[in-house]
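What follows is one structure encoded as structure tokens, with my remarks underneath.
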Amino acid sequence: MGKTIIISNRLPVKIEQENNELVYKASEGGLATGLNSVFKQGNNLWVGWPGLAIEKSQEQEVHSNLIKQHMKPVFLSSEEIEDFYEGFSNETLWPNFHYFNQYTVYKEELWLAYQRVNQKFAEILSEELEDDDTVWIHDYQLLLLPQLIRAISPNATIGFFLHIPFPSYESFRLLPWRRELLNGMLGADFLGFHTYDDMRHFLSSVNRLAGLGNSNGTIKVKNRLIKADALPMGIDYEKYAASAQDPETLAREARYRKSIGTVKLILSIDRLDYSKGIPQRLRAFELFLSKYPYFKEKVSLFMVVVPSRDSVSKYKQLKEEIDLLVGRINGQFSKLNWTPIHYFYRSFPLPALSAFYRISDVALVSPMRDGMNLVCKEYVASRLDKKGVLILSEMAGASKELSDAIIVNPNDIHQLVEAMHKALTMPEELQIESMNSMQKSLKRYNIHAWVKLFMDELANVKKEQSHLKTRLIDNQLSEEIKHAYKQSEERLIFLDYDGTLVGFNENPDDSKPDQELIEILDYLTKDKNNHIVIISGRGRQSLEEWMKPYSLDIVAEHGVWIKRMGKPFKTFMKINASWKKETLSLLERYVNRTPGSFVEEKDYSLVWHYRKVETGLGEVRTRELTSHLKYMTANENLDVLEGDMIVEIKNSEINKGKATQKLMEIYPEADFLLALGDDFTDEDTFKAMPEDSYTIKVGTSASEAKFSVNSYKEVRKLFNDIIKS
Ligand code: GDG
């Protein structure tokens with residue numbers, strides 16, 4: 001077992017300059033707590049930036065102090081902090097990923113800095129990286145890192161977690177560097193997102209920009225299988241529950257209560273950020289007081305804004321806007337003994353935070369967008385008496401888990417006002433009921449469960465990869481296959497046609513056997529010990545015509561039709577083809593818009609071919625067509641498959657695997673089984689074959705087959721060798 005390396009922009013430590021000395025403080029962030037148990041074990045390590053620009057002369061000292069605590073620093077110059085961190089990360093990616101595109105800054109020099117700093121992280125990491133290590137990369141500042149590490153260490157185990165939303169393709173596509181960013185991420189083996197929607201958005205961008213489809217989150221990148229999944233991050237539940245009854249917390253609560261009086265409190269806690277919806281919340285509170293004057297002098301908003309990124313101009317403006325709004329509302333409503341908004345622009349230690357959670361009757365968490373939002377989870381964990389009400393924005397990832405909260409659209413000011421009213425007047429039994437249910441789920445899916453799930457999923461992907469690793473056929477293997485062939489008495493051989501026995505042609509009708517293939521087929525089918533099966537996705541006609549001279553069996557249209565030697569085609573299943581008419585007219589519309597493309601109609605499937613379409617256009621139309629088809633066929637039992645320059649729609653119940661099984665039943669005595677195929681439809685054949693058969697994938701992508709060759713020419717070579725020997 002190798003070591004685990006965590007890597008994130010920030011190290012879980014705060015270094016501060018106090019009286020000319022550097023002081024190290026452990027970070028209290030949720031991620032740091034959750035990963036504490038991981039990175040402090042054995043040789044494990046956390047690599048990241050220590051959080052401020054360190055003088056060159058102090059680097060050595062900081063380095064050795066941190067290494068003792070299992071941390072390795074990446075030092076950033078003030079220029080790098082400005083361009084990579086404040087710039088590209090926070091002024092380009094952050095607004096784009098949170099749908100604030102009016103704030104997105106598009107500057108080439110920031111992008112260059114982002115690339116340089118990601119490269120710097122990769123180099124520092126590579127000093128520590130060994131073959132069997134596991135690397136876990138965190139967040140949007142390091143999107144390029146997975147691929148950079150993959151390039152240095154092709155077999156590395158790399159996990160990536162994105163803590164902020166992954167935006168819809170419509171937002172992500174706006175970035176000029178979208179492809180590079182995506183390819184960077186695709187270097188990982190496993191990618192985790194907070195919500196299913198984030199994962200779905202990521203997969204859609206992968207599909208549209210990298211041309212890679214997925215099956216249940218599994219993507220094939222070149223010859224590597226990788227996986228994306230939704231894995232909502234939890235909190236350290238026990239820590240917050242314990243802190244809520246800590247004597248210091250209780251003492252603070254008593255102090256705060258004394259100075260605030262008996263009014264009810266609505267709590268608001270966020271970092272200073274436009275994504276958190278702070279001005280919108282203030283305006284809603286203002287309207288609430290006007291609409292429900294009864295609550296004047298009876299309720300206050302307790303608002304903590306934690307300073308963050310205040311050197312970025314958009315954040316400065318936001319701070320000014322908040323200051324103005326608070327001033328206006330307090331000016332308008334304040335009474336001698338009542339302040340409508342208690343506003344703090346600072347951070348607090350944990351016991352203070354816990355006291356705020358305890359003392360507040362309502363938590364108002366209404367971000368415009370939030371990857372997850374931990375504050376709302378911490379509020380729930382701190383409510384030991386199970387009273388209190390959570391109002392939660394549907395735009396926060398947490399809303400998917402905490403459906404017992406009052407869920408609001410943060411853009412709907414009236415809904416926010418009504419939610420406040422509902423929360424402040426909610427009967428206690430109802431409060432307890434929803435708190436109870438939210439606490440149960442947060443206890444179970446806590447930070448430790450999250451870390452474990454992530455690590456397990458990553459390990460599983462690696463296992464699956466090694467399982468799918470096919471061995472390229474070398475001389476020795478080819479000798480072994482020849483030998484087994486010669487030794488056997490009855491052979492059953494499944495041969496896919498296009499891509500396996502012949503190369504691809506612009507026109508599928510031009511692919512009839514050439515002289516070399518004729519000789520191979522002739523030899524194979526004349527041997528009375530051989531049962532040869534051509535198993536193809538093609539329609540019946542061409543196969544029947546081309547295979548006429550040979551005594552063999554044919555499976556056409558992926559298994560719809562089976563033709564035994566000398567007999568007509570027969571079908572073994574009842575198949576519904578009523579969907580074809582509508583789909584055909586859709587495909588015809590795409591043909592009209594895409595010069596060079598055409599539709600092939602088979603009995604139970606339809607194929608859109610784009611081999612002859614101008615480069616680029618075909619790919620664009622394919623993306624459009626497949627999402628159109630997937631939408632149209634969502635409730636039908638149909639598969640939309642992308643093949644080599646084709647998109648095929650067929651009934652899901654038809655596959656080559658079923659036909660393979662049928663033929664194996666017909667020839668139960670065969671003692672040598674071989675199957676060759678080049679695309680995803682052949683995977684069903686491979687899966688249907690028994691353990692001791694020879695399954696050979698033509699091409700380099702991941703496969704269920706045991707072995708692989710590079711092209712149809714090598715398939716021919718294998719048979720020619722058999723013929724000659
Ligand atoms: C990003 C994503 C995602 C707040 N004030 C104080 C303080 N805090 C702590 C809270 C909480 C954390 O800061 C804030 O976490 P959030 O999740 O609410 O928000 P982001 O910082 O934007 O985090 C977010 C998260 O990553 C994790 O994946 O949930 O969506 O944007 O833990 O308690 N802590 C202390 N004093 C304060 O004054 N000590």
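Atoms within a ligand are numbered from 1 in the order they appear, just like the ligands themselves.
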Can you confirm if the NZ or CZ of [X] lies within 45° of the ring axis of [Y] and under 6.0 Å from the centre of its six-membered ring?
{"X": "R369", "Y": "Y99", "answer": "yes"}
{"X": "K314", "Y": "Y103", "answer": "yes"}
{"X": "K319", "Y": "Y345", "answer": "yes"}
{"X": "R346", "Y": "F348", "answer": "yes"}
{"X": "R116", "Y": "W111", "answer": "no"}

Best match, [options]: closest heavy atom to [atom]:
{"atom": "atom 7 (C) of ligand 1", "options": "L353, D270, D273, L374", "value": "L353"}
{"atom": "atom 2 (C) of ligand 1", "options": "H163, M233, H98", "value": "H163"}
{"atom": "atom 20 (P) of ligand 1", "options": "R346, M372, R271", "value": "R271"}

Close-contact set for ligand 1 against [X] heavy atoms, below 4.0 Å:
{"X": "V306", "value": "4 (C), 5 (N), 6 (C), 38 (O)"}
{"X": "I269", "value": "4 (C), 5 (N)"}
{"X": "G371", "value": "30 (O)"}

**Request:** Decide whether the shortest distance between a heavy atom of V304 and an atom of ligand 1 is less than 4.0 Å.
**Result:**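 In this structure, V304 fails to qualify as a contact of ligand 1 - no heavy atom is under 4.0 Å.
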
**Prompt:** Does some non-hydrogen atom of W94 fall short of 4.0 Å from ligand 1?
**Reply:**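 Under 4.0 Å: yes for W94.
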
**H138 and F160 aromatic centres sub-6.0 Å** =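 When the ring centroids of H138 and F160 are compared, they turn out to be at least 6.0 Å apart.
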
**Message:** Checking Y343 against D323: is there a side-chain donor and acceptor pair closer than 3.5 Å?
**Reply:**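 Yes, Y343 and D323 have a side-chain donor paired with an acceptor closer than 3.5 Å.
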
**Request:** State whether the shortest distance between N or O atoms of S347 and N or O atoms of ligand 1 falls below 3.5 angstrom.
**Result:**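 Between S347 and ligand 1 (N or O atoms, distance only) the closest approach is not under 3.5 Å.
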
**Request:** Tell me which part of K377 gets within contact of ligand 1: side chain, backbone, both or neither, using heavy atoms under 4.0 Å.
**Result:**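 No part of K377 is near ligand 1 at this cut-off.
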
